[in-house]
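Note sheet for the following structure.
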There are 4 protein chains.
Amino acid sequence: MEQKLADKIKKINEEHLKMTDKQSRIIEVAIEEFSQNGFASTSTSQIAKKAGVAEGTIFKHYKNKKNLLLSIVTPTMTKLVAPFVMDGFDTVFDQEYKTFGDFLRAILKNRFEFMKDNLSILKIFMQEISFHPELQESYKEYIAQPLFKRLEDTITHFQEKGEIKELPVHTVIRFTVSTVMGLLFSRHIVSTDASWDDKSEIEMTVNLIVNGLSPES
Amino acid sequence: MEQKLADKIKKINEEHLKMTDKQSRIIEVAIEEFSQNGFASTSTSQIAKKAGVAEGTIFKHYKNKKNLLLSIVTPTMTKLVAPFVMDGFDTVFDQEYKTFGDFLRAILKNRFEFMKDNLSILKIFMQEISFHPELQESYKEYIAQPLFKRLEDTITHFQEKGEIKELPVHTVIRFTVSTVMGLLFSRHIVSTDASWDDKSEIEMTVNLIVNGLSPES
Amino acid sequence: MEQKLADKIKKINEEHLKMTDKQSRIIEVAIEEFSQNGFASTSTSQIAKKAGVAEGTIFKHYKNKKNLLLSIVTPTMTKLVAPFVMDGFDTVFDQEYKTFGDFLRAILKNRFEFMKDNLSILKIFMQEISFHPELQESYKEYIAQPLFKRLEDTITHFQEKGEIKELPVHTVIRFTVSTVMGLLFSRHIVSTDASWDDKSEIEMTVNLIVNGLSPES
Amino acid sequence: MEQKLADKIKKINEEHLKMTDKQSRIIEVAIEEFSQNGFASTSTSQIAKKAGVAEGTIFKHYKNKKNLLLSIVTPTMTKLVAPFVMDGFDTVFDQEYKTFGDFLRAILKNRFEFMKDNLSILKIFMQEISFHPELQESYKEYIAQPLFKRLEDTITHFQEKGEIKELPVHTVIRFTVSTVMGLLFSRHIVSTDASWDDKSEIEMTVNLIVNGLSPES
DNA sequence: TATGAATGAGAATTCATTCAT
DNA sequence: TATGAATGAATTCTCATTCAT
């Protein structure tokens, strides 16, 4: 698994380098339009016009409209979960953490920036996943399963250490993930608000999760 | 506000009664298709065919495709938050609750069924809200604001009683709402799974929230 | 001919009396809309809505949309030329006139008001005549031919008296009719202008025609 | 003004040269159909079929049906009045004329052919002008105003020379224009008639106008 | 690699007309 | 006499995609 993913990411980066000017403008515009109007409501001609290329050019690079969508979404989603899954590539999550809170803090510190930088793509992904079996497939294989596996291991580990209540693992995961997603979501909505402070919001969120899961209650 | 909402709901019900046979078939099919394929990817001819009516009939009743969408989504969303906002109409949330947990339990008992019954419409709403300013407007006015107000009051109340940690109210709300939404969302995905038990999942979720928010930590 | 026309007009008036309230509202609105947007661009539902009747009602009274058009246009056009054609009904143009100028003045005095009162219908007629064979038929039979005949007689008469130049009759008619139509047309366009004076404009126009046709030049 | 118009006409000609084969077929057929059935009663599918192109092709070149109409009508109307307005482009009307009759004769000689060649477009223009504000605008700016200005100057000139009666200028213009339009209109209707003789009809018409306007009466 | 003319299927919407009440 | 729900054909227009240059 890890090797496969490493190859995938290598390929992604290589393809990104090969991109012509026009190609990257297409991608850039497509991200903007898809996230703003939705995939189905964005026309290829709209993209072509805004990107300053001919209609045909899009189809020279991406044989389909759907193919364009996948070319935008899958690389980013793959990169998003890479650190969770890959040994040796990024060692952040490889080490043992003393507490579950430390683990969460490490994840958030590492992935929060990435998610913020790719919010448009994340939005497209969440909007479209339920309509495209191809997305669902790669979601399951490359994101849900590895992530679930990693979290399951960690949670069980801390349950054995007595730091986390003895609830069904999926309940713990659900609680953790939805709280984190809630944080990201809020952050996205109020992003212009100057009063928002990433660090303290992350800290509070981690505490809420850890408290919620702590056995003594 | 309460009177306005009461009128709104009365009108919704009246209009529902006036519906022709064909009209309700249109609505029924539209809900199914919109939630399955998305609004933009569902054609009116598709709806007409499945509902067994002429395409023109749809437009006799709903002057737009968008109008059809709104006619589906807004009434249900209005009904969803009605108990939070209306005094005297439904007294469930009027009374004082001893603990924040009791309050959450009351809400979930009362609204969880409703949400389960209207999951398709809820899905349509969440998919489409970011693309339709009209939806955003009525969401803000009829859902977000009243709900926020109600939660804010309750949370401040329990913070004063020392039952909830002294965090910013919006952080508490975000944590609570996203945890509850996570519950609903999971429930939706694994709905076919026989092992799922609403009652105990609700109970666990309430405990996670209450623990997370409890001051002693 | 005269008897047929008299019967026609009698019938028109009778039918007008039999009209229900709704029916006359339909006619009224149809005239307004047809002249404003054109026949083809006016929908029956538009008329129904503006007239405050059900869509079906229009078709109870006029089996077709085209039938509605004809019901509006033909009676008025028939009435317009009636005085030219009918002996004994309206004697205005029966008498001998001393000069061609007197003849024109008599016509204009008599018919100018009528045309002003029915400008909308006149406009509809002129817009639609080239697209509807039925209109062309009745135009030829009831308007063009009798009018041409009457003018031909009169012009020949005054040519024999030496008052009108010896030009081809159709040239004289064309010149006369187009000048008169030009007057009506201008009057229609500047109708709001306070400076317009029907009497003097008519007088000037008659003089221009008479001068133009006078032999000494 | 003159420069602006010169640019306009240059642009018109350039755009005409750039036209695809299919594009000119579309225009050709559209002219025919619009003038025959009216703009509103001509469907784009009808045009497409007759022109042997796909319906979409029409909309690639003219984004609207109305845009197609304007693309047909405005260039021709602009060309029609060009000689009146442009100094140095066509000097026909630049010189001083000895008599008003000479002036009219020059105009008719020069423009009658053009009008005959573009009768269909002229008809479309006259049919549609009252329904399309865009047409009215460009009519006022590019046709009515310049033409009126030119005629006003000329007429005042000949009034000062004592050749034209002292009537209000607009009355003189109206009389002149409607008589000329009457000529064109008749010519259009009886165009198949072998007995029609352009030269002599024009001569008679000029005389009628000059006589009508001559002061001695 | 890039263009843009051309396509034809299909989208939303309109329309005149019918018919049961 | 009047209604208005219902129709289905037609209308304008859009779209993803192809292909010759």
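All values reported here derive from a predicted model rather than from experimental measurement. Order of the sequence lines sets the chain letters (A, B, ...), proteins ahead of strands, with each chain counted from 1.
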Exercise for the section: Toss me the dot-bracket line for DNA chain E: Watson-Crick and G-U wobble, both under 3.5 Å, 5' to 3', using | for pairs to another strand and [ ] for crossers. Expected result: .||||||||||||||||||||
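When the side-chain hydrogen bond (donor to acceptor under 3.5 Å, both in side chains) test is applied to S45(C), the partners found at least two apart in sequence or on another chain are S43(C). Applying the side chain to side chain contact (heavy atoms under 4.5 Å, CB included) criterion to M126(A), with sequence neighbours excluded, gives M181(A). Every residue two or more places apart in sequence or in another chain that forms a side chain to side chain contact (heavy atoms under 4.5 Å, CB included) with I129(B) is listed here: F125(B), Q136(B), Y139(B).
Within residues 47-70 of chain A, the residues having any heavy atom closer than 4.0 Å to DNA chain E are, in order of number, V53(A), A54(A), G56(A), T57(A), K60(A), H61(A). The stretch residues 32-43 of chain D touches DNA chain F through T42(D), S43(D), each having a heavy atom within less than 4.0 Å of the strand. Only T20(A), K22(A), listed by number, bring a heavy atom of residues 19-30 of chain A to less than 4.0 angstrom from any atom of DNA chain E.
In this structure, OG1 on T78(D) lies 4.5 Å from CD1 on I12(D), to the nearest 0.5 angstrom. In this structure, NZ on K11(C) lies 9.5 Å from CD on E14(C), to the nearest 0.5 angstrom. Here CD1 of I58(D) is found 13.5 Å from NZ of K60(D). Values are rounded to the nearest 0.5 Å. Here the CD1 atom belonging to I31(B) is positioned 4.0 Å from the CD1 atom belonging to I121(B), to the nearest 0.5 angstrom.
Salt-bridge annotation for D21(C) and R25(C): present, with a side-chain N of the basic residue lying under 4.0 Å from a carboxylate O of the acidic one.
For residues 25-48 of chain C, the set of pairs meeting the ring-ring contact (aromatic ring centres under 6.0 Å, His included) definition, not counting sequence neighbours, comprises F34(C)-F39(C), F39(C)-H132(C). Applying the ring-ring contact (aromatic ring centres under 6.0 Å, His included) test to residues at least two apart or on different chains, none of the pairs has a partner in residues 52-76 of chain A. Residue pairs meeting the salt bridge (charged side-chain N to carboxylate O under 4.0 Å, His left out) criterion with at least one partner in residues 34-57 of chain D, sequence neighbours excluded, are E32(D)-K50(D), E33(D)-K50(D).
If you walk DNA chain F from 5' to 3' and mark each nucleotide with an atom closer than 4.0 Å to a heavy atom of chain B, the marks span dA5(F) to dG8(F).
Of all the heavy atoms in F131(D) and K123(C), the pair that sits closest is CE2-NZ, 3.9 Å. I26(C) approaches T57(C) most closely through the heavy-atom pair CD1-CG2, 4.3 Å. Closest of all the heavy-atom pairs between Q127(D) and S130(C) is NE2-OG, 3.6 Å.
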N/O donor-acceptor pairs under 3.5 Å from side chains in residues 67-75 of chain C, not counting sequence neighbours:
residue: S71(C); atom: OG; partner: N67(C); partner atom: O; Å: 2.7
residue: T74(C); atom: OG1; partner: L70(C); partner atom: O; Å: 2.4

